[in-house]
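This chain uses plain numbering: 1 for the first residue, then up along the sequence.
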Amino acid sequence: MDPQPQLRSSNNTTRTSLAMERTGQWIFSQDIPTDVLVEVGEANFSLHKFMLVAKSNYIRKLIIDSKETDLTRIDLSDIPGGPEIFEKAAKFCYGVNFEITVHNVAALRCAAEFLEMTDAYCDANLAGRTEDFLAQVALTTLSAAVVVLKSCEDLLPLAQDLQIVSRCVEVISLRACNEANFPSRSPPNWWMEELSILDIEFVSQIIPAMKKRGAKPMVLASALVTYTERNLRDLVRDHSGSGSKSFDPDFPDHELELRAHQRELLQSIVSLLPAENAAFPVHFLCCLLRSAIFLKTSIACKNELEKRISAILEHVMVDDLLVLSFTYDGERLFDLESVRRIISGFVDKEKNMGVFNGGNFRESYSTATQKVAKTVDAYLGEIATHAELTISKFNGIAVLVPKTARKVDDDLYRAIDIYLKAHPNLDEIEREKVCSVMDPLKLSYEARLHASQNKRLPVQIVLHALYYDQLQLRSGTATENCTTPMAAAAATKSQLQTDVSLVRENEALRAELMKMKLYITDIKKTGGSQGSSGKAGGSGKRGHSSPRCLKLWES
């Protein structure tokens, strides 16, 4: 025989016997045999009908409406609060004293309603007693109201219908606003910690109620931060790598249920965030977004968080962007699309502001844009070491910030160099693609010096750096020969114009040389008298330009 049913039967018998033993201790009419067995779940209570009927209209109607001549068994398993609360209700019927507390008053009030133990049926009944306790004790302080509201989680929807929930919400919102303005205890945010034990369904009623009473966005934001850090602790507070490693669909059912609960909770929290973005720490918003990515929340939830971060991106640090980029084990990159959308949203906002202020974006680069550019470049340097970061993803983030928003490209060059070092198998064309997001002429002298000796860079980038230094050297030599600042400036400008002109002429001559090579190759292929004639014609046509071309190219 399977021992498990025996064990379960033994447990049920133990609970039943304990319930009946407790009942026997407070029933004063032991000289009168009990005539009804009340079943509440697994517990049984042997009681007297006349004592119950005197206070409970519900039980009276059960007995009257019963088809049995002598009803000896009543099932009250649906009573709010279960066996423990029924025992107290039964004690009330027998006139036995028991303690009403903030922990059980809501359940007793619901049980009184279920059993129809109202003052309309009998004076000074259980419903009236619990209502008096609610009004005179439970709903007079914030802490007590929070405990009562917490107990209502298992009493819905009856607790809602009896307006216990709404009365608790009213008291809590009023007291919380008073505490926010005039703290009565230390620390001042003690009430936020107490609210964090509540179900999100109740918090979703308290926050709007506080807002209607004039609570400041910073107060509401702080309350939500405290609530989130307590209820999603392993997601938004544990950054040590010891939290959840991944979201595997093959997780056990209880783990999947936990993730589903966390997903719903996070989406509800985001829906409650006040509109003022500055009220929230940037790092907190980034942690929320990483949690949303991990939990696979709705697109609307992730978009809302991305917009909020984008609006204050100038305050985001590199570590904040890294929070968005890596899984909880810190070893794998998330999909970087969220980071791309955040940066793109910020740039679009700055463009619109520039146009609105009457200028163009290029002329009105704000300090915020320049700060974001440095942050993005530093961020690229941090993620560049990861093998799964493709060239397209690396470049895709780099080009989101307009090139002209960077005064110098040193930070971007550092990120590129790290990427090339971490991906040594790239060919010349791939390395040129990586470097295409950088302007070699915007490197500082130290960076150009490093680039000129960097074997990881494509030859074209090295030549650009060397040529720029040559131009600078020529300009510097010409400037040294000038005696006044005005003369030095004029000499520098003249030298730059000469160098630019020389560059253009060399490019034109190089193109002409290429044409001549193609022409001669074509003649050699045709051959014969026609080739001789063509060659003579060609020599005559370019007779004085070719030596000039070669001479200038050699110089």
| salt bridge (Lys or Arg N to Asp or Glu O under 4.0 Å) with Arg175: which residues, sequence neighbours excluded? | none
| said: Taking atom NZ as the centre, does Lys216 end up with more than 12 heavy-atom neighbours from other residues, nucleotides or ligands that are less than 6.0 angstrom away? | reply: no
| message | Please list all pairs meeting side chain to side chain donor-acceptor pair (under 3.5 Å) that have one or both residues in residues 134-145, counting only residues at least two apart or in different chains. | response | Ser143-Glu194
| request: Output all residues satisfying salt bridge (Lys or Arg N to Asp or Glu O under 4.0 Å) with Arg308, sequence neighbours left out; order by chain, then residue number. | output: Glu304
| Looking at Glu170 and Arg167, does any basic side-chain N land under 4.0 Å from a carboxylate oxygen? | no
| message | Does anything in residues 204-215 form a side chain to side chain donor-acceptor pair (under 3.5 Å)? List the pairs, not counting sequence neighbours. | response | Ser173-Arg213
| request: Just jot down the salt bridge (Lys or Arg N to Asp or Glu O under 4.0 Å) partners of Lys49, sequence neighbours excluded, or say none. | output: Asp70
| task | Give me the ring orientation class for Phe326 and His386: parallel if the planes are under 30° apart, tilted from 30 to 60°, perpendicular past 60°. | result | tilted
| query | Should we say atom CD of Glu388 is surrounded by more than 12 heavy atoms from elsewhere, each under 6.0 Å from it? | reply | yes
| task | Classify the side-chain pair Thr226/Glu193 by whether it contains a donor and acceptor separated by less than 3.5 Å. | result | no
| With side chains defined as the heavy atoms from C-beta onward, is the minimum distance between Leu47 and Thr34 less than 4.5 Å? | no
| query | Taking the side chain as C-beta and beyond, is there a heavy-atom pair between Thr390 and Lys393 under 4.5 Å? | reply | yes
| request: Would you tell me whether Ser56 and Tyr121 have side-chain atoms, one donor and one acceptor, within less than 3.5 Å of each other? | output: no
| Backbone N/O of Arg129 and side chain of Asp132: donor-acceptor pair under 3.5 Å | no
| task | Would you check if there is a donor-acceptor pair between the side chains of Glu306 and Ser338 at a distance under 3.5 Å? | result | yes
| Does any pair with a residue in residues 106-117 pass side chain to side chain donor-acceptor pair (under 3.5 Å), and if so which ones, sequence neighbours excluded? | Asn57-Glu116, Lys61-Glu116, Arg109-Glu113, Arg109-Glu131
| said: Determine whether a donor-acceptor pair (N or O, by modelled atom type, separation under 3.5 Å) exists between the side chain of Asn125 and the backbone of Lys55. | reply: yes
| field | Residues, nucleotides or ligands: over 12 heavy atoms within 6.0 Å of Gln163 CD | value | no
